[in-house]
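Chain letters run A, B, ... following the sequence lines, proteins first, then strands; residues in each count from 1.
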Number of protein chains: 2
Amino acid sequence: MSTKALRKEEEENLLRRADDLCRQNNLRLTPIRERVYRELVQSGGPVGAYDLVDRLSSEKKRLAPVTIYRALDFLRDAGLVHRLATQNSYVISHGQPDVNAMKIMFVDSKTGETIEVHSTEVAEAVKKAAEQAGFKSVSPFMEVEGEIAH
Amino acid sequence: MSTKALRKEEEENLLRRADDLCRQNNLRLTPIRERVYRELVQSGGPVGAYDLVDRLSSEKKRLAPVTIYRALDFLRDAGLVHRLATQNSYVISHGQPDVNAMKIMFVDSKTGETIEVHSTEVAEAVKKAAEQAGFKSVSPFMEVEGEIAH
DNA sequence: ATAAAAAACGTAATAACGTAATAATATAGG
DNA sequence: CCTATATTATTACGTTATTACGTTTTTTAT
Ligand SMILES: [Zn+2]
Ligand SMILES: [Zn+2]
Ligand SMILES: [Zn+2]
Ligand SMILES: [Zn+2]
């Protein structure tokens, strides 16, 4: 099978999973929200909010930034999308939401390329450090900058 | 000794350390840079760049944002200040720069309050995860959101 | 079915954050 | 002193995110 076809299949998987997740949690994956999610899936990496505005706007209909931000907020709340604070961009979340794992987004400082890794080891170590700091709970998402080994 | 006096003493310690560090590395802690650093020290927490603009501007002399950003860039490069990407703010760095430790900034999701913890355990776990992700090097700074146990 | 309530969306304006370009000052080494 | 380099000032511009308010759509309860 061609890589293109594979990517298409992966795409459909993600969309279906998103759909299921929303249905199970009584969340409404409206057309706009799905379009934003799909665009992030297809891009295969982080995309800025205003890039999404451009990509999802047509000649006839220009979407407003707030429309995109609202959709992104929904997707983030649903755990489907991460915001990369260091990059001012947004990226889909891969992998099953493993409750005990820390979801680490490694961000290449130069290219902005991202790779997501889930690690229970990091989760535990961070939890321990959090207790030391007097934090009772910590976000299961982290962002770490670094350099990809090319 | 009063807590106020203690804080004042801590303040002076930090200023002195910053001064020493710059001297030892042939970095110039110019008046503006020192004022920015001092303001961050005195605030005792994260401060936004434009807040710094306001606080360091007087009636007669209004500082331009770029002035603050440059000072912040210097302080960050010197390792004296962290940028909190999730908060769009800046905060002083505590503790000796332990090369083998991950410097974790825990950020309270509600108040923005921060506590810094250094952990070699987290550093190692993250390093392992980074290798898994194909990253050859990672930043020694992390930011983790969570909730302070009050 | 109908009315009330809640959620989502459209539109416009604005706030907040950050950078570029250029010129003026200050500093350091020969 | 002279020159190269670093720092600062000022203005303008670009990007990112939110607020306000009214309308439409969907959900919930009667
Ligand atoms: Zn939300
Ligand atoms: Zn994820
Ligand atoms: Zn720098
Ligand atoms: Zn630190």
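- Looking at A:K110 and A:E147, a side-chain N of the basic residue comes within less than 4.0 Å of a carboxylate O on the acidic one, giving a salt bridge.
- At the phosphate of D:dA17, OP1 or OP2 sits under 4.0 Å from a side-chain N or O atom of A:N88.
- Which of C:dC9, C:dT27, D:dT18 sits closest to the side chain of A:I32 comes down to C:dC9.
- Side-chain to base pairing of A:Y50 with D:dG14: no donor and acceptor N or O lie closer than 3.5 Å to each other.
- At whole-Å resolution of the value, CZ in A:R28 and C1' in D:dT24 are 12 Å apart.
- A salt bridge is defined here as a Lys NZ or Arg NE, NH1 or NH2 lying under 4.0 Å from an Asp or Glu carboxylate O, and A:K136 with B:D108 fails to meet this definition.
- At a threshold of 4.0 angstrom between heavy atoms, the contacts of A:Y90 are confined to the sugar-phosphate backbone, with no base atom among them.
- Atom CG of A:L72 is separated from atom C1' of D:dA17 by 11 Å (rounded to the nearest Å).
- Under 3.5 Å, the side chains of A:T86 and A:E143 contain a donor-acceptor pair of N or O atoms.
- Proximity of B:R83 to the phosphate of C:dC17: no side-chain N or O atom is located under 4.0 Å from OP1 or OP2.
- Mapped onto DNA chain D by nearest heavy atom, B:P31 and B:P65 fall at different nucleotides, with B:P31 at the one closer to the 5' end.
- Within 4.0 Å (heavy atoms only), A:R62 reaches no atom of the nucleic acid at all.
- A salt bridge links B:D54 with B:R62: the closest approach of a Lys/Arg side-chain nitrogen to an acidic carboxylate oxygen falls below 4.0 angstrom.
- Salt bridge A:R16/A:D20: absent, no basic N to carboxylate O contact under 4.0 Å.
- At whole-Å resolution of the value, CG in A:L56 and C1' in C:dC9 are 15 Å apart.
- Phosphate contact (OP1/OP2 of D:dA6, side-chain N/O of B:R70, threshold under 4.0 Å): absent.
- Across the protein-nucleic acid pair, B:Q87 atom CD and D:dT18 atom P stand 12 Å apart, rounded to whole Å.
- Contact check, B:K61 against D:dT8: no side-chain N or O comes under 4.0 Å of OP1 or OP2.
- Sequence order on DNA chain C of the closest nucleotides to A:A64 and B:G48 puts A:A64 first from the 5' end.
- Separating the OH atom of A:Y69 from the C1' atom of C:dT11 is a distance of 17 Å, rounded to the nearest angstrom.
- Minimum atom distance to the side chain of A:V66 is reached by C:dA12, of the listed D:dA17, D:dT26, C:dA12.
- Nucleotide D:dT15 holds its P atom 10 Å from the CG atom of A:D54, rounded to whole Å.
- For A:T30 and C:dC9, the shortest distance from a side-chain N or O to OP1 or OP2 is below 4.0 Å.
- Rounding to whole angstrom units, CG of residue B:N26 and C1' of C:dT27 are separated by 13 Å.
- If you take CD1 of A:I68 and C1' of C:dA12, they are 17 Å apart, rounded to a whole angstrom.
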